[in-house]
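A short worksheet on the structure shown next.
Any value given below was found using the heavy atoms of this structure, including those in side chains, with hydrogens, waters and symmetry copies removed. What you see is a predicted model, and the numbers here were worked out from it, not measured in a lab. FYI, the numbering just counts along the sequence from 1.
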Amino acid sequence: MNKIKYSNDTNSDIYKDSIKIREIVFVEEQNVPKSIEIDDDKVNCTYFTLYSDEKPVATARFQVTSDNGIHIQRVAVLKDYRQKHLGSFLLKYIFKYAQEHNFNYVILGAQDHAQAFYKKLGFKVIGQQYREAGIFHHDMRLNLF
């Protein structure tokens with residue numbers, strides 16, 4: 001059974017579970033320096049963690065933008081749980097949350113290899129390619145209304 005929990009409290013278990021997932025996916029698998037992965041923006045974010053049979057397996061966070069959107073960041077799914085549509089399930093939950101709170105759009109910086117995944121969810125590429133933590137990205141946007 002899958003369940004999603006969210007919190008903006010960096011002392012919560014939800015946040016701590018999110019960090020564990022991100023350390024495995026970004027720091028260990030993708031060699032992103034921990035100093036980049038765990039950033040100063042952490043206190044300004046809402047964290048979402050997906051639990052499968054009580055085990056934390058996927059996560060994402062967002063920050064509110066200055067023009068009533070949300071910026072999703074740090075989307076990660078543990079390797080053994082990929083290709084099971086959990087990333088889509090988590091993001092659709094966040095979209096619904098955003099709509100219920102009257103946010104107008106979602107923006108994110110997608111690693112280039114993940115663009116097809118985000119396009120299936122309705123995102124469109126905006127802007128030029130850039131490197132973050134040595135990985136090529138493009139910004140992508142999804143209008144909610």
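- Sorted by first and then second residue, the ring-ring contact (aromatic ring centres under 6.0 Å, His included) pairs involving residues 4-24 (not counting sequence neighbours) are Y6-F48, Y6-Y97, Y15-Y47.
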Begin from the C-alpha positions of D17 and Y51 and carry the test side-chain contact (heavy atoms from CB on, under 4.5 Å) through to its verdict.
-> CA-CA 9 Å; D17 289 341; Y51 297 84; 2.7 Å; yes
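- R61 contributes no side-chain N or O that, together with a main-chain N or O of N8, makes up a donor-acceptor pair within less than 3.5 Å.
- The closest side-chain heavy-atom distance from L78 to K55 is below 4.5 Å.
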Might you work through the side-chain contact (heavy atoms from CB on, under 4.5 Å) test for Q73 and H71, ending with a clear yes or no?
-> CA-CA 6 Å; Q73 304 165 315; H71 183 186; 3.6 Å; yes
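- Here the CD1-OG1 distance, from I38 to T10, works out to 11.5 Å after rounding to the nearest 0.5 Å.
- Side-chain atoms of E37 do not come within 3.5 Å of backbone N or O of R22 as any donor-acceptor pair.
- Looking at S7 and D9, their side chains never bring a donor and an acceptor atom within 3.5 Å of each other.
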Test side-chain contact (heavy atoms from CB on, under 4.5 Å) on M140 and I126 and set out the steps.
-> CA-CA 5 Å; M140 300 184 82; I126 57 173; 5.7 Å; no
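- For the pair R141 and F123, the cation-pi criterion (under 6.0 Å, within 45° of the ring axis) is not fulfilled.
- Judged as a side-chain hydrogen bond (donor to acceptor under 3.5 Å, both in side chains), the pairs with a partner in residues 80-94 (not counting sequence neighbours) are, in order, E29-R82.
- The hydrophobic clustering, which links ILVMFWY residues whose side-chain heavy atoms are closer than 4.5 Å, places I36 and I19 apart.
- Using a 4.5 Å heavy-atom threshold, the side chains of L50 and T59 count as separate.
- Side-chain heavy atoms closer than 4.5 Å link hydrophobic residues (I, L, V, M, F, W, Y) into clusters, and following such links, possibly through other members, connects V77 to V32.
- N104 is listed as a side-chain neighbour of F145, based on a closest heavy-atom distance under 4.5 Å.
- The only option from I70, V75, T46, V106 that meets the side chain to side chain contact (heavy atoms under 4.5 Å, CB included) definition with I94 turns out to be I70.
- Neither I14 nor L90 shares a network with the other; the hydrophobic side chains, linked directly or stepwise wherever heavy atoms of I, L, V, M, F, W or Y lie under 4.5 Å apart, form separate groups for each.
- Looking at every heavy atom in both residues, L108 comes nearest to I72 through CB-O, 3.3 Å.
- Side-chain heavy atoms closer than 4.5 Å link hydrophobic residues (I, L, V, M, F, W, Y) into clusters, and following such links, possibly through other members, connects L86 to I21.
- Judged purely by atom type and a 3.5 angstrom limit, N68 uses its side chain to pair as donor or acceptor with the backbone of N102.
- Hydrophobic clustering, with ILVMFWY side chains joined whenever heavy atoms are under 4.5 angstrom apart, groups L121 together with F103.
- Under the side-chain hydrogen bond (donor to acceptor under 3.5 Å, both in side chains) criterion, the residue pairs touching residues 127-137 are D112-Q129, Y130-D139, with sequence neighbours excluded.
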Given the rule in the salt bridge (charged side-chain N to carboxylate O under 4.0 Å, His left out) test, do E54 and K3 qualify, once you have shown the distances and angles that lead to the verdict?
-> CA-CA 8 Å; E54 304 299 319; K3 183 173 185 175; over 6 Å; no
Starting from the C-alpha separation in whole Å, work towards a yes-or-no answer on side-chain contact (heavy atoms from CB on, under 4.5 Å) for V125 and K119.
-> CA-CA 8 Å; V125 173; K119 285 179 179 177; 3.9 Å; yes
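- Residues K34 and V27 share a closest heavy-atom pair of CA-CG2, 4.0 Å.
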